[in-house]
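Report on the following structure.
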Amino acid sequence: MPVENDGNFKALLRYALDSGDQGLANHLNTAGAYSTYLSFRIQNEIIDAAGTLIKSNIVQRVNKSGYFSVIDDDSTDVSGIEQFSICARFVDKTDEYKIREDFLCFIPVEDVTGKELANTLLITMENIGIKLVNMRRQGYDGLGQ
(Lines give C-alpha, C1' and ligand atoms only; values in the text may rest on other atoms or scores of the structure.)
Protein backbone atom coordinates (compact mmCIF):
# COMPACT_ATOMS: atom_id res chain seq x y z
CA MET A 1 0.00 0.00 0.00
CA PRO A 2 1.36 3.47 -0.85
CA VAL A 3 2.40 5.74 1.99
CA GLU A 4 0.97 9.02 0.64
CA ASN A 5 -1.94 10.68 2.42
CA ASP A 6 -4.72 8.42 1.17
CA GLY A 7 -7.12 8.71 4.10
CA ASN A 8 -7.72 7.33 7.56
CA PHE A 9 -9.06 3.96 6.45
CA LYS A 10 -5.97 3.05 4.47
CA ALA A 11 -3.74 4.53 7.17
CA LEU A 12 -5.38 2.14 9.67
CA LEU A 13 -4.82 -0.77 7.31
CA ARG A 14 -1.19 0.25 6.92
CA TYR A 15 -0.89 0.40 10.72
CA ALA A 16 -2.34 -3.12 11.00
CA LEU A 17 0.13 -4.36 8.38
CA ASP A 18 3.06 -2.67 10.17
CA SER A 19 1.87 -4.32 13.40
CA GLY A 20 2.14 -7.77 11.83
CA ASP A 21 -1.43 -8.61 10.78
CA GLN A 22 -0.55 -11.61 8.59
CA GLY A 23 -4.15 -12.36 7.61
CA LEU A 24 -4.55 -8.87 6.19
CA ALA A 25 -1.16 -9.00 4.49
CA ASN A 26 -2.03 -12.35 2.90
CA HIS A 27 -5.38 -11.02 1.67
CA LEU A 28 -3.88 -7.89 0.10
CA ASN A 29 -1.04 -9.85 -1.52
CA THR A 30 -3.21 -12.59 -3.00
CA ALA A 31 -6.54 -10.89 -3.78
CA GLY A 32 -7.35 -9.77 -7.28
CA ALA A 33 -7.44 -6.07 -8.10
CA TYR A 34 -11.23 -5.95 -7.64
CA SER A 35 -11.23 -8.09 -4.50
CA THR A 36 -9.16 -6.02 -2.06
CA TYR A 37 -12.25 -4.15 -0.79
CA LEU A 38 -10.35 -0.86 -0.55
CA SER A 39 -12.55 1.33 -2.77
CA PHE A 40 -14.33 4.34 -1.27
CA ARG A 41 -17.68 2.57 -1.80
CA ILE A 42 -16.58 -0.42 0.24
CA GLN A 43 -15.08 1.86 2.87
CA ASN A 44 -18.43 3.66 3.17
CA GLU A 45 -20.28 0.33 3.42
CA ILE A 46 -17.94 -0.78 6.21
CA ILE A 47 -18.42 2.52 8.04
CA ASP A 48 -22.22 2.28 7.67
CA ALA A 49 -22.24 -1.33 8.90
CA ALA A 50 -20.07 -0.46 11.90
CA GLY A 51 -22.31 2.52 12.69
CA THR A 52 -25.41 0.34 12.54
CA LEU A 53 -23.87 -2.21 14.92
CA ILE A 54 -22.72 0.48 17.36
CA LYS A 55 -26.11 2.22 17.34
CA SER A 56 -27.88 -1.12 17.86
CA ASN A 57 -25.65 -1.85 20.85
CA ILE A 58 -26.35 1.58 22.37
CA VAL A 59 -30.11 1.18 21.83
CA GLN A 60 -30.01 -2.20 23.62
CA ARG A 61 -28.11 -0.67 26.55
CA VAL A 62 -30.49 2.30 26.76
CA ASN A 63 -33.54 0.02 26.75
CA LYS A 64 -31.95 -2.28 29.33
CA SER A 65 -31.14 0.65 31.64
CA GLY A 66 -34.76 1.19 32.56
CA TYR A 67 -34.82 4.98 32.43
CA PHE A 68 -32.94 7.47 30.31
CA SER A 69 -32.85 11.06 29.16
CA VAL A 70 -32.04 12.56 25.79
CA ILE A 71 -29.79 15.48 25.00
CA ASP A 72 -30.44 17.31 21.76
CA ASP A 73 -28.69 20.09 19.90
CA ASP A 74 -28.67 21.52 16.42
CA SER A 75 -25.89 22.73 14.20
CA THR A 76 -25.44 23.67 10.58
CA ASP A 77 -23.02 21.41 8.69
CA VAL A 78 -20.50 22.60 6.10
CA SER A 79 -23.03 22.23 3.28
CA GLY A 80 -25.51 24.52 5.10
CA ILE A 81 -27.92 21.78 6.20
CA GLU A 82 -29.31 22.09 9.72
CA GLN A 83 -28.46 18.91 11.66
CA PHE A 84 -30.28 17.80 14.83
CA SER A 85 -28.05 15.64 17.05
CA ILE A 86 -29.51 13.17 19.53
CA CYS A 87 -27.64 11.63 22.46
CA ALA A 88 -28.87 9.36 25.25
CA ARG A 89 -27.85 9.64 28.91
CA PHE A 90 -28.42 6.51 30.96
CA VAL A 91 -27.04 4.20 33.63
CA ASP A 92 -25.32 1.34 31.83
CA LYS A 93 -26.14 -1.80 33.77
CA THR A 94 -23.90 -3.92 31.52
CA ASP A 95 -20.82 -1.87 32.46
CA GLU A 96 -20.77 -1.79 36.29
CA TYR A 97 -23.55 0.82 36.50
CA LYS A 98 -21.65 3.61 34.78
CA ILE A 99 -23.41 6.77 33.72
CA ARG A 100 -23.05 7.13 29.95
CA GLU A 101 -23.85 9.77 27.38
CA ASP A 102 -23.78 8.19 23.93
CA PHE A 103 -24.38 9.78 20.54
CA LEU A 104 -27.22 8.16 18.61
CA CYS A 105 -27.59 10.06 15.34
CA PHE A 106 -27.76 13.22 13.30
CA ILE A 107 -31.05 14.06 11.62
CA PRO A 108 -31.24 16.75 8.93
CA VAL A 109 -34.09 19.17 9.71
CA GLU A 110 -35.63 22.12 7.90
CA ASP A 111 -38.06 23.37 10.54
CA VAL A 112 -36.33 24.15 13.85
CA THR A 113 -39.42 25.15 15.80
CA GLY A 114 -39.82 23.45 19.16
CA LYS A 115 -42.89 21.52 18.01
CA GLU A 116 -41.17 20.15 14.89
CA LEU A 117 -37.94 19.25 16.72
CA ALA A 118 -39.90 17.45 19.44
CA ASN A 119 -41.82 15.54 16.77
CA THR A 120 -38.55 14.68 14.97
CA LEU A 121 -37.05 13.46 18.25
CA LEU A 122 -39.99 11.20 19.08
CA ILE A 123 -40.21 9.72 15.59
CA THR A 124 -36.44 9.14 15.41
CA MET A 125 -36.25 7.49 18.83
CA GLU A 126 -39.14 5.21 17.93
CA ASN A 127 -37.60 4.35 14.55
CA ILE A 128 -34.26 3.33 16.06
CA GLY A 129 -36.01 1.15 18.63
CA ILE A 130 -35.77 3.09 21.88
CA LYS A 131 -38.66 2.56 24.30
CA LEU A 132 -40.10 6.05 24.77
CA VAL A 133 -42.09 4.99 27.83
CA ASN A 134 -38.78 4.98 29.76
CA MET A 135 -37.71 8.50 28.75
CA ARG A 136 -37.66 10.74 31.81
CA ARG A 137 -36.02 13.95 30.63
CA GLN A 138 -35.14 15.95 27.53
CA GLY A 139 -32.28 18.42 27.44
CA TYR A 140 -31.78 21.02 24.72
CA ASP A 141 -28.93 23.41 24.02
CA GLY A 142 -29.26 26.38 21.72
CA LEU A 143 -31.96 24.92 19.50
CA GLY A 144 -33.44 27.16 16.88
CA GLN A 145 -31.07 30.08 17.46
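Note that the structure is predicted; figures quoted are calculated from it, not measured. Counting from 1, the numbers follow the sequence of the chain as shown.
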So how far is it from [X] [atom1] to [Y] [atom2], rounded to the nearest 0.5 Å?
| X | Y | atom1 | atom2 | result |
| --- | --- | --- | --- | --- |
| Arg137 | Arg89 | CZ | CZ | 8.5 Å |
| Asn63 | Phe90 | CG | CZ | 10.0 Å |
| Thr76 | Ile81 | OG1 | CD1 | 10.0 Å |
| Arg136 | Ser69 | CZ | OG | 11.0 Å |
| Asn134 | Phe68 | CG | CZ | 6.5 Å |
| Leu13 | Tyr37 | CG | OH | 14.0 Å |

If I compare all heavy atoms of [X] with all of [Y], which pair ends up nearest, and what's the gap?
| X | Y | answer |
| --- | --- | --- |
| Thr30 | Asn26 | OG1-O, 2.7 Å |
| Ala88 | Val62 | CB-CG2, 3.7 Å |
| Ile86 | Met125 | CG2-SD, 3.8 Å |
| Asp74 | Glu82 | OD2-OE2, 2.6 Å |
| Lys55 | Cys105 | NZ-CB, 4.1 Å |
| Lys10 | Leu38 | CE-O, 3.5 Å |

Q) Do other residues, nucleotides or ligands put more than 12 heavy atoms under 6.0 Å from Leu53 CG? A) yes
Q) Does CG belonging to Asn8 count more than 12 external heavy atoms closer than 6.0 Å? A) no
Q: Would you check, one step at a time, whether the test side-chain contact (heavy atoms from CB on, under 4.5 Å) holds for Ile71 with Glu101?
A: CA-CA 9 Å; Ile71 304 163; Glu101 286 183 9; 3.7 Å; yes
Q. Under a 4.5 Å cut-off applied to non-hydrogen side-chain atoms, are Ile46 and Phe9 in contact?
A. yes
If you group Ile, Leu, Val, Met, Phe, Trp and Tyr by side-chain heavy-atom gaps below 4.5 Å, do [X] and [Y] land in one group?
| X | Y | answer |
| --- | --- | --- |
| Leu132 | Val91 | no |
| Ile123 | Val112 | no |
| Ile130 | Phe103 | no |
| Leu104 | Val109 | yes |
| Ile128 | Leu121 | yes |

(Q) Test your reading of the model: is there a side-chain donor-acceptor pair from Thr120 to the backbone of Glu116, 3.5 Å cut-off? (A) yes
Q. Does Leu17 offer a backbone N or O that forms a donor-acceptor pair with the side chain of Asp21 under 3.5 Å?
A. no
Q.
Is there a side-chain contact (heavy atoms from CB on, under 4.5 Å) between Ser56 and Val59? Walk through the geometry before answering.
A. CA-CA 5 Å; Ser56 175; Val59 167; 5.7 Å; no
Q) Checking side-chain contact (heavy atoms from CB on, under 4.5 Å) for the pair Ile107/Gln83: CA distance, chi angles, key distance, verdict? A) CA-CA 5 Å; Ile107 303 295; Gln83 297 284 338; 5.8 Å; no
(Q) Between the side chains of Asp92 and Lys98, is the shortest nitrogen-to-carboxylate-oxygen separation below 4.0 Å, so that they form an ion pair? (A) no
